[in-house]
Amino acid sequence: MKTLVVASENKGKLKEIREILGDRYEIISMRDAGFSGEIVEDGETFYENALKKAKTVAETLKTDALADDSGLCVEALGGAPGVYSARYSGSHGDDKANRSALLKNLANEKNRRAKFVCNMVLYGANGEIVSGVGETYGNIGYEEEGGNGFGYDCVFISDDLKKCFGLASDEEKNSVSHRKRAIEDLLCKL
Ligand code: IMP
């Protein structure tokens, strides 16, 4: 089976990408593939960040690399946390603190509409770029529910599933997620 390096060290993302693409590729994380550098995500859009991650890893390891940049956009917060989703509380990658900051900032807000957005970029060893975009819609709950998934899953009530991603099985989330939709969009263009 062909291997594909994923430019991420986020375990939640890697797990889902493996579940979605595992029948086509053997998914290898950039760390397992030998990439030891740090990539600063300083883009203003999901696409810019995904492109930077995929390009950096592809050029360093001289291989094809896939990157996902994703986040939560909340209507009442003007689209925040958006590209800052991983560090909304100030501390990068602290999912629990990020969820608490979000619930606090929405405490008196009736409009709970939100969407997850994912941009996927496949950067080829030959410099070719293919990308895909996916979104999934829902509402932010008033408290955490369930313990499945990662990031904001425990506070995101999916329109498609009619329940919180934190209560959904892997299969259920992967059938409607922004990540699944971005990968499908990318695969159509390959
Ligand atoms: P980044 O793409 O590395 O900048 O990080 C994306 C951040 O968005 C994650 O750390 C999560 O907080 C959030 N996020 C992205 N996708 C999901 C998801 O599927 N479920 C829950 N949170 C997500």
Side-chain angles (χ1 to χ4, degrees), residues 6-21 29-31 35 37-57 65-74 77 79-103 105-106 114-122 131-141 144-161 163-184 186:
V6 174
S8 179
E9 48 186 339
N10 179 316
K11 289 197 173 69
K13 283 187 190 179
L14 282 161
K15 177 173 182 279
E16 289 183 12
I17 292 170
R18 209 165 264 132
E19 285 162 359
I20 297 167
L21 275 177
S29 77
M30 63 183 190
R31 294 296 181 222
F35 180 84
E38 290 305 320
I39 306 169
V40 180
E41 295 182 32
D42 52 4
E44 286 179 12
T45 62
F46 295 115
Y47 178 76
E48 275 177 53
N49 282 334
L51 178 62
K52 182 175 182 182
K53 290 186 270 190
K55 184 174 191 289
T56 307
V57 173
L66 179 74
D68 156 327
D69 201 71
S70 46
L72 180 71
C73 301
V74 179
L77 300 176
V83 289
Y84 304 105
S85 293
R87 53 198 139 124
Y88 190 49
S89 65
S91 165
H92 196 282
D94 188 340
D95 289 347
K96 176 87 190 145
N98 289 337
R99 291 193 297 272
S100 299
L102 180 71
L103 292 180
N105 290 345
L106 287 177
K115 63 178 177 180
F116 275 122
V117 180
C118 176
N119 270 241
M120 283 277 172
V121 172
L122 180 62
S131 63
V133 187
E135 296 188 346
T136 194
Y137 292 84
N139 288 292
I140 303 301
E144 295 195 5
E145 285 183 276
N148 297 340
F150 69 100
Y152 298 92
D153 280 342
C154 298
V155 295
F156 183 83
I157 302 163
S158 158
D159 287 352
D160 293 298
L161 299 181
K163 66 176 166 187
C164 188
F165 271 174
L167 295 169
S169 66
D170 294 349
E171 292 73 25
E172 286 173 323
K173 182 183 170 192
N174 289 338
S175 68
V176 299
S177 78
H178 48 311
R179 192 156 290 108
K180 161 78 166 178
R181 290 171 180 165
I183 289 174
E184 277 175 348
L186 187 152

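Note that ligands are numbered from 1 as they come in the structure, with each ligand's atoms numbered from 1 the same way. Because only heavy atoms are used, hydrogens play no part in the values below, and waters and symmetry mates are left out as well, while side chains stay in. Please read these numbers as outputs of a predicted model, since none were measured by experiment.
- Residue contact check: Ser85 has heavy atoms under 4.0 Å from atoms 7 (C), 8 (O), 12 (O) of ligand 1.
- Put simply, the residue from Arg99, Lys13, Lys173 that forms a salt bridge (Lys or Arg N to Asp or Glu O under 4.0 Å) with Asp153 is Lys173.
- Looking only at heavy atoms of the protein, atom 10 (O) of ligand 1 is closest to Ala86 CB, 3.5 Å.
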Which pairs of donor and acceptor atoms, one on a side chain in residues 86-93, lie under 3.5 Å apart (sequence neighbours left out)?
| unit_1 | atom_1 | unit_2 | atom_2 | d |
| --- | --- | --- | --- | --- |
| Arg87 | NH2 | Glu41 | O | 3.1 |
| Tyr88 | OH | Asn105 | ND2 | 2.8 |
| Ser89 | OG | Asn98 | OD1 | 3.0 |

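- Between Asn174 and the choices Glu19, Lys180, Lys15, the side-chain hydrogen bond (donor to acceptor under 3.5 Å, both in side chains) rule is met once, by Glu19.
- Here the heavy atom of the protein found nearest to atom 16 (N) of ligand 1 is Arg179 NH2, 2.9 Å.
- Looking at Val121 and Leu66, their side chains never come closer than 4.5 Å, going by heavy atoms from C-beta outward.
- Close N/O approach between Asn98 and ligand 1 is not found [any backbone or side-chain N/O within under 3.5 Å].
- Taking atom 4 (O) of ligand 1 as the reference point, the nearest protein heavy-atom neighbour is Glu41 OE1, 2.9 Å.
- At a heavy-atom cutoff of 4.0 Å, ligand 1 is contacted by no atom of Phe165, backbone or side chain.
- Atoms of ligand 1 lying under 4.0 Å from any heavy atom of Lys173, numbered from 1 in the order shown and given with element: 18 (C), 19 (O), 20 (N).
- Ser70 and Asp68 share a side-chain donor-acceptor pair at under 3.5 Å.
- Note: Phe165 and Phe116 have parallel aromatic rings, judged against thresholds of 30 and 60 degrees for the angle between ring planes.
- Using a 4.0 Å cut-off to heavy atoms of Asp69, the atoms of ligand 1 that qualify are 1 (P), 2 (O), 4 (O).
- Protein heavy atom nearest atom 23 (C) of ligand 1, with residue, atom name and distance: Phe116 CE2, 3.6 Å.
- Annotation for Tyr84: atom OH does not count as buried by contact number, only 12 or fewer foreign heavy atoms lying within 6.0 Å.
- Remark: ligand 1 and Glu16 share no N or O pair separated by less than 3.5 Å (distance only, no angle test).
- Between the Glu48 side chain and the Glu44 main chain, a donor and an acceptor come within less than 3.5 Å of each other.
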Salt bridge (Lys or Arg N to Asp or Glu O under 4.0 Å) assessment of Asp69 paired with Lys52: CA-CA 10 Å; Asp69 201 71; Lys52 182 175 182 182; over 6 Å; no
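- Taking 4.5 Å as the limit, every side-chain heavy atom of Lys115 sits out of range of all side-chain heavy atoms of His178.
- Here the protein heavy atom with the shortest distance to atom 2 (O) of ligand 1 is Lys13 NZ, 2.6 Å.
- Contacts with ligand 1 closer than 4.0 Å are made by side-chain heavy atoms of Lys53 only, the backbone lying farther away.
- Ranking the protein heavy atoms by distance from atom 22 (N) of ligand 1 puts Tyr152 N, 3.1 Å first.
- For atom 20 (N) of ligand 1, the nearest non-hydrogen atom of the protein is Asp153 OD1, 2.7 Å.
- Comparing Gly149, Ser70, Ser177 against atom 15 (C) of ligand 1, the shortest heavy-atom distance belongs to Ser70.
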